[in-house]
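Every chain is numbered from 1 and lettered A, B, ... according to where its sequence line falls, protein lines coming before strand lines.
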Amino acid sequence: MGAWSRGGRPASVRPMVYDHQSIERRWQAYWEQHETFRAEVDRERPKYYVLDMFPYPSGDGLHVGHVEGYTATDIVARYKRMRGFNVLHPMGWDAFGLPAERHAMKTGVHPATVIANASANFRRQLKRLGFSYDWRREVNTTDPGYYKWTQWIFLQLWGSWYDREAQRARPIAELPIPDEVRAEGELAVARHRDARRLAYLDEAPVNWCPALRVVLANEEVAEKVDDGYEVIRRPMRQWVLRITEYAERLLADLEGLDWPPHVLEIQRNWVGRSEGAEIDFAIAGHGATLTVFTTRPDTLYGATYMVLAPEHPLVATITTPSCRAEVEAYVERTARRSERERQADAQGGKKTGAATGAMAIHPITGAEIPIWIADYVLVGYGTGAIMAVPGHDERDHAFATTMGLPIVRVVAPVDGVPADHDIGKTAFVGEGVAVNSAIIDGRPTADAKRVMTEHLVAQGRGRARVTYKLRDWLFSRQRYWGEPFPLAHRPDGIVVAADELPVTLPEVADYDPSEDGEPPLARATAWKTLADGSTRETNTMPQWAGSCWYYLRFCDPGNGALPWSNEAERYWMPVDLYVGGVEHAATHLLYSRFWHKVLFDLGHVGEPEPFRRLVNQGMILGATFLPLDRRKGDDGKKLVFLPHDVEEQADPDRPGESVWVVRATGERVEIQWDKMSKSRGNVVNPDEVVASYGADSVRMYEMFMGPLEHSAPWQSEGLAGVHRFLQRVWKLFHVTAPEGSTEPDALRPIVDGEGTPRQRRLLHRTIEEVTTRIDRFAFNTAISALMVFTRDLVASDAGADPAEAALPREAARQFCLLLAPFAPHLAEELWSELGHAKTLAHEPWPAPDPVWLVDDTFQLVIQINGKWRAEIPAPKAASKDELVALAGAVDDVARKLDGATPKRVVVVPGRLVNFVL
RNA sequence: GCCCGGGUGGUGGAACGGUAGACACGGGGGACUUAAAAUCCCCUGCGCAAGCGUGCGGGUUCGAGUCCCGCCCCGGGCACCA
């Protein structure tokens with residue numbers, strides 16, 4: 001580098017005009033020292049709770065994607081503070097979970113140490129970006145002082161049952177115990193209660209991931225399968241939370257939330273409500289009744305066989321001796337199949353199954369129809385059994401075709417669509433008119449469903465019913481780095497709560513669960529064994545546990561006696577704005593809402609929903625470069641070049657255009673944008689860009705990229721552009737020190753007041769625009785208004801009004817306030833240079849003066865037949881007739897009109913005149 | 001397959017039913033400089049032009065990127081859930 005290049009500037013030359021490094025350092029220290037963003041309950045002021053989805057503190061540090069969401073919430077936090085709200089804006093660490101544990105296994109460093117280091121790094125990075133968190137409220141889910149209360153909430157769940165009549169959770173002590181149960185003694189009462197608790201032990205097939213040696217919740221399976229992990233079903237005894245009791249409320253309460261439609265849809269899909277009927281079938285030669293769920297009771301006459309899930313409890317009792325061997329083999333085989341195999345078959349429409357030899361009796365016709373088992377019927381949904389109507393259900397149709405079972409039509413399409421439909425070839429799944437169905441013949445589907453259900457109810461053979469896809473939440477994990485369950489198993493089999501919380505994690509020598517899934521805590525014998533002979537539960541909670549309620553702890557993080565005080569919770573909750581990634585739509589957001597409702601039912605919180613408004617930030621994409629022929633490299637993977645391998649060159653073929661070229665070889669490559677990830681090598685490190693452009697530039701660039709919800713490519717030219725803007729702001733406030741001077745830049749000459757009428761109009765329009773655009777979350781356009789102001793406030797050197805060469809003090813003052821949410825460091829610096837002794841963080845937000853929002857004149861647009869023809873300045877006060885006269889007098893317009901009388905003249909005052917010929 | 005959300009310059013994106021492309025990036029030209037960098041100023045949807053332009057085709061309206069109907073494409077969600 002030469003003496004004059006950016007890095008090696010001689011000391012005699014003055015420093016860069018806008019020295020972001022020293023400015024940012026100064027104000028970050030000021031905020032910290034003065035506790036500028038400290039929040040306390042204050043009943044005199046309205047509150048505003050702005051929350052980020054707190055991060056998992058990974059060893060890789062913060063990335064620019066985090067920064068986008070955090071900047072948006074910080075803008076809102078700073079803005080609301082200036083609007084007089086008492087703002088709660090906290091940050092913490094979601095620090096339990098696999099990565100720290102795996103790191104510990106590899107390096108021998110304790111997960112707590114791993115987390116401490118990583119979170120210290122995150123905290124440093126966040127502070128460097130100037131976010132206005134109240135750091136006194138920082139929480140860490142792995143801190144025993146925190147997870148004590150996670151365990152406490154778990155005990156609330158364990159200690160409750162769902163009263164379906166009252167539609168709410170109630171303490172288990174209030175559960176009515178039938179006399180005959182009570183008569184059987186303590187153990188029977190305990191069993192009766194345990195079967196109804198919101199947290200219960202269940203021996204059921206679970207999603208087991210052998211590679212990770214852990215069970216997965218249904219919500220987690222898809223993600224792990226996508227990551228290439230094998231997930232198999234295997235029976236295990238596990239803790240499960242009864243979230244299904246809340247299905248209806250989780251669905252109904254989505255109404256009225258200000259959430260993205262997309263997330264509402266994911267939640268609705270996940271809950272998966274469907275209305276239908278249960279129908280009871282007798283089994284020939286057995287006392288047992290086989291109950292099925294169907295959404296199409298109108299197709300009952302078309303049921304030609306029955307199917308049970310292989311795990312259905314009746315399978316063992318009804319299977320005939322001649323079929324037993326085949327059925328058992330089939331049950332065995334399905335139990336071992338992996339999730340992936342099942343999905344593959346499902347996609348291919350491939351059906352397998354076995355006949356039980358038993359026959360069901362059709363509740364209306366009395367016909368005997370065969371009972372099969374097949375794994376396309378799921379044990380966890382409905383009743384785990386179906387009546388198969390191959391004529392009108394694609395899956396039943398495929399199965400019937402494979403097994404050679406009869407197919408009959410009981411619904412006819414209306415309007416003859418499709419006219420040539422062949423029920424033997426494909427199922428007709430649409431609505432139509434019932435046929436071949438004695439009691440409902442001729443009725444349209446909706447009507448037929450209703451009448452059939454009523455008929456079944458009258459006969460005592462069925463009932464209307466609603467079912468949900470949502471399953472109970474599998475809540476235990478066979479890992480070390482999670483919250484221990486505060487429970488112990490007594491020798492007599494009764495489960496009891498720990499007397500004292502927290503139940504802390506013991507030290508262990510080996511973090512890995514055994515191959516068959518015995519948790520590492522099971523080997524901590526001293527910890528596990530209690531004095532009275534009972535043993536502690538050795539599973540731990542999933543990572544979601546801590547994040548299910550952290551927003552509540554933020555209300556009162558230092559409380560040692562309670563998870564939160566009533567006072568703090570009633571004041572701060574609900575969260576007014578919650579910003580985070582969409583990946584949590586079916587997991588974290590569903591789980592938190594569930595816990596919150598339980599806490600609400602038990603009177604611990606005051607509102608049924610925790611998050612009033614939700615916004616998902618988009619992804620920031622990183623660049624990689626691909627050869628034009630997409631050839632593979634030596635390792636057999638697609639050949640990829642990283643940004644530092646590549647440079648931009650002028651395109652020799654197309655002047656003015658440029659192409660990407662590999663520096664070493666000169667080969668042309670194409671740019672490709674992907675989600676940033678360490679493995680792709682396309683990650684932008686916030687530390688580096690903050691060092692070279694400053695936190696204010698990085699914050700502003702991320703907001704200027706486009707709407708918050710959109711994904712957008714990270715382009716360093718754009719960052720440089722925003723940085724240039726901040727330099728222009730600096731220059732607006734300063735006269736540059738003479739060349740060679742070591743003095744800092746001096747403040748531009750200032751005149752009192754808001755300046756000339758033109759400047760005042762500009763100021764008030766800017767206030768108006770920035771305000772409405774922050775309110776609308778249109779931060780990119782708010783920034784553009786700030787850019788226009790900066791460009792136009794002071795007359796450029798060449799010519800123009802000399803009265804506008806100075807900086808109007810009042811305009812400068814208010815501009816600092818408008819800039820502050822976006823570029824808080826620079827705004828504070830300029831504010832203090834204007835002579836203010838204190839931070840601007842609590843200054844009132846500027847209000848536009850309506851007088852200056854209206855111009856005396858406006859640009860009148862003249863249209864002919866709706867097309868733009870001319871534009872002239874016209875007085876705002878002009879009447880419609882005057883406007884038409886003005887418009888008609890314009891030469892160009894008069895010529896086009898050519899003396900013709902318009903059929904109609906549309907006048908929109910303040911905008912346009914449209915002559916319709 | 002079903003359900004959401006989108007398609008606007010070379011790029012990111014602006015536009016209460018009222019001048020499409022604000023503000024930026026990129027590109028071009030100029031000023032300053034011995035020169036360059038930096039900075040500042042001007043131009044920049046397409047077309048030689050009349051004109052044409054917001055995925056395509058219709059419609060409503062004096063006027064449609066915006067509202068309605070029918071398609072196409074892209075992104076996302078759900079999916080053996082009876």
Closest to the [X] side chain: [options]?
X: A:M787; options: B:C78, B:U11, B:A24; value: B:A24
X: A:Y381; options: B:C23, B:A82, B:A15; value: B:A82
X: A:K469; options: B:G12, B:C4, B:C78; value: B:C78
X: A:E265; options: B:G5, B:C23, B:G76; value: B:G76
X: A:S784; options: B:C23, B:G12, B:A14; value: B:C23

Any salt bridge (Lys or Arg N to Asp or Glu O under 4.0 Å) involving residues 291-300 of chain A? Give me the pairs, sequence neighbours left out, ordered by first then second residue.
A:R296-A:D298
Taken in chain and number order and not counting sequence neighbours, the residues that satisfy side-chain contact (heavy atoms from CB on, under 4.5 Å) with A:K731 are A:V17
As a test of the definition: with a 90° window around 0 for syn, would you call B:G9 syn or anti?
syn
Assign [X] to base, sugar-phosphate, or nothing according to its heavy-atom contacts below 4.0 angstrom with the strands shown.
X: A:D375; answer: base
X: A:E717; answer: sugar-phosphate
X: A:P707; answer: sugar-phosphate
X: A:G721; answer: sugar-phosphate
X: A:R776; answer: sugar-phosphate
X: A:I386; answer: base
X: A:V377; answer: base
X: A:K351; answer: base
X: A:V908; answer: base

Would you please confirm or rule out a distance under 4.0 Å between OP1 or OP2 of [N] and any side-chain N or O of [X]?
X: A:S274; N: B:A82; value: yes
X: A:R791; N: B:C23; value: yes
X: A:R724; N: B:A24; value: no
X: A:H710; N: B:G12; value: no
X: A:R728; N: B:C23; value: no

Which residues share a ring pair (Phe, Tyr, Trp, His ring centres under 6.0 Å) with A:F779, sequence neighbours left out:
A:F777
For A:W259, the ring pair (Phe, Tyr, Trp, His ring centres under 6.0 Å) test, sequence neighbours excluded, returns none
Distance, [atom1] atom - from [M] to [N], rounded to whole angstrom:
N: B:G9; M: B:G26; atom1: C1'; result: 12 Å
N: B:C23; M: B:A31; atom1: C1'; result: 25 Å
N: B:U44; M: B:G21; atom1: P; result: 11 Å
N: B:G51; M: B:C68; atom1: C1'; result: 29 Å
N: B:G13; M: B:G57; atom1: P; result: 25 Å
N: B:A14; M: B:A22; atom1: C1'; result: 5 Å
N: B:G70; M: B:U8; atom1: C1'; result: 22 Å
N: B:A38; M: B:C32; atom1: C1'; result: 11 Å

Any N or O donor-acceptor pair under 3.5 Å from the base of B:C62 to the side chain of A:N914?
yes
Value for CZ (A:R724) from OH (A:Y693), rounded to nearest 0.5 Å, stands at 9.0 Å
Listed partners of A:H362 passing side chain to side chain donor-acceptor pair (under 3.5 Å), at least two apart
A:T365
Do A:H734 and A:Y18 have their ring centres less than 6.0 Å from each other?
no
Want to settle it: does A:M705 or A:R273 sit nearer the 5' end of RNA chain B, counting the closest nucleotide to each?
A:M705
The answer to which of A:W270 and A:A785 contacts RNA chain B further toward the 5' end, by nearest nucleotide, is A:A785
Pairing annotation in dot-bracket form, given for RNA chain B with Watson-Crick or G-U pairs under 3.5 Å and | for cross-strand partners
(((((((..(((.....[....)))((((((.......))))))((....))..(((((..]....))))))))))))....
Gap between atoms [atom1] and [atom2], on [X] and [N] respectively (whole Å):
X: A:L719; N: B:U11; atom1: CG; atom2: P; value: 21 Å
X: A:W673; N: B:G13; atom1: CH2; atom2: P; value: 12 Å
X: A:L726; N: B:A24; atom1: CG; atom2: P; value: 13 Å

Got a donor-acceptor contact below 3.5 angstrom from the A:Q267 side chain to the A:L251 backbone?
no
Please say whether more than 12 non-hydrogen atoms of neighbouring residues, nucleotides or ligands are located less than 6.0 Å from CD in A:E431.
yes
Is it the case that the side chains of A:S274 and A:Y381 hold a donor-acceptor pair, with the cut-off being a distance below 3.5 Å and no angle test?
yes
